[in-house]
Amino acid sequence: MALTGKKLKFAKAVCAGKSNKQAAIEAGYSAATAAQAGSRLAKDKDVVAYVAKNRQVPAKTAEPEKPDQATEEKRPTFDLSKALMHADPKNFLLAAMNDDALDTKQRIEAAKALMPFMHKRLGEGGKKEQKDAEAKKVAGRFTPAAPPKLVAAGGKKV
């Protein structure tokens, strides 16, 4: 799973050298539960991978990079021109669901929104409709006859 906003802020603060509690407070967690949240986040596999990849190591000979540019993670951005290409919302959701550049969470949300368009619910219809459908399947002499056609004398409709 990708880093959420708070996890990313926490990971950046840890990379900058702050303690788990200080990083959790900076990420937006409550000061009362920051120690527990920092401990939990420090064990998260995504945060650990991000910190291992982006931890600032003081280099003696090289120029230090700007921390904002070095730790920025490339995230997919929403492209309005692609969204406007689809006139039908169903086609847009299909394109979003199949787009590998989007975050997995966004693709799952698009698939959830698309489900009612693709598959009928099993319970749709209700008891009365199911009962009527079963009754139509059974052909017998007690089935109701078709209503009479209202035709006036001479074949003209009234």
Within a strict 4.5 Å, meaning less than it, do heavy atoms of the Leu114 and Leu94 side chains meet?
yes
Minimal heavy-atom distance between Gly38 and Phe10, with the atoms involved, is O-CZ, 3.6 Å
Enumerate donor-acceptor pairs with a distance under 3.5 Å from any side-chain N or O in residues 26-37 to protein atoms, sequence neighbours excluded.
residue: Glu26; atom: OE1; partner: Lys18; partner atom: NZ; Å: 2.2
residue: Ser30; atom: OG; partner: Ala32; partner atom: N; Å: 3.3

Return yes if some donor-acceptor pair links the side-chain N/O of Arg107 with the main-chain N/O of Asp100 below 3.5 Å, else return no.
no
For the residue pair Ala42 and Asn20, what are the closest heavy atoms and their distance?
CB-ND2, 3.5 Å
Asn98: partners by side-chain hydrogen bond (donor to acceptor under 3.5 Å, both in side chains), with sequence neighbours left out
none
Basic-acidic side-chain contact under 4.0 Å: Lys112, Glu109:
yes
NZ on Lys7 to CG on Asp46, rounded to 0.5 Å
5.5 Å
Are Leu41 and Ile25 in one and the same hydrophobic cluster, where Ile, Leu, Val, Met, Phe, Trp and Tyr link if side-chain heavy atoms are under 4.5 Å apart?
no
Could you tell me which non-hydrogen atom of Leu102 sits nearest to which non-hydrogen atom of Ala96, and how far apart they are?
CD1-O, 3.5 Å
Tell me whether Met115 shares a hydrophobic cluster with Ile108, the cluster being built from Ile, Leu, Val, Met, Phe, Trp, Tyr side chains joined at under 4.5 Å.
no
By side chain to side chain contact (heavy atoms under 4.5 Å, CB included) - contacts of Asp88 (at least two apart):
Lys90, Asn91
Where is the tightest heavy-atom contact between Val51 and Cys15, given as atom of each residue plus distance?
CA-SG, 3.8 Å
NZ (Lys9) with more than 12 external heavy atoms under 6.0 Å
no
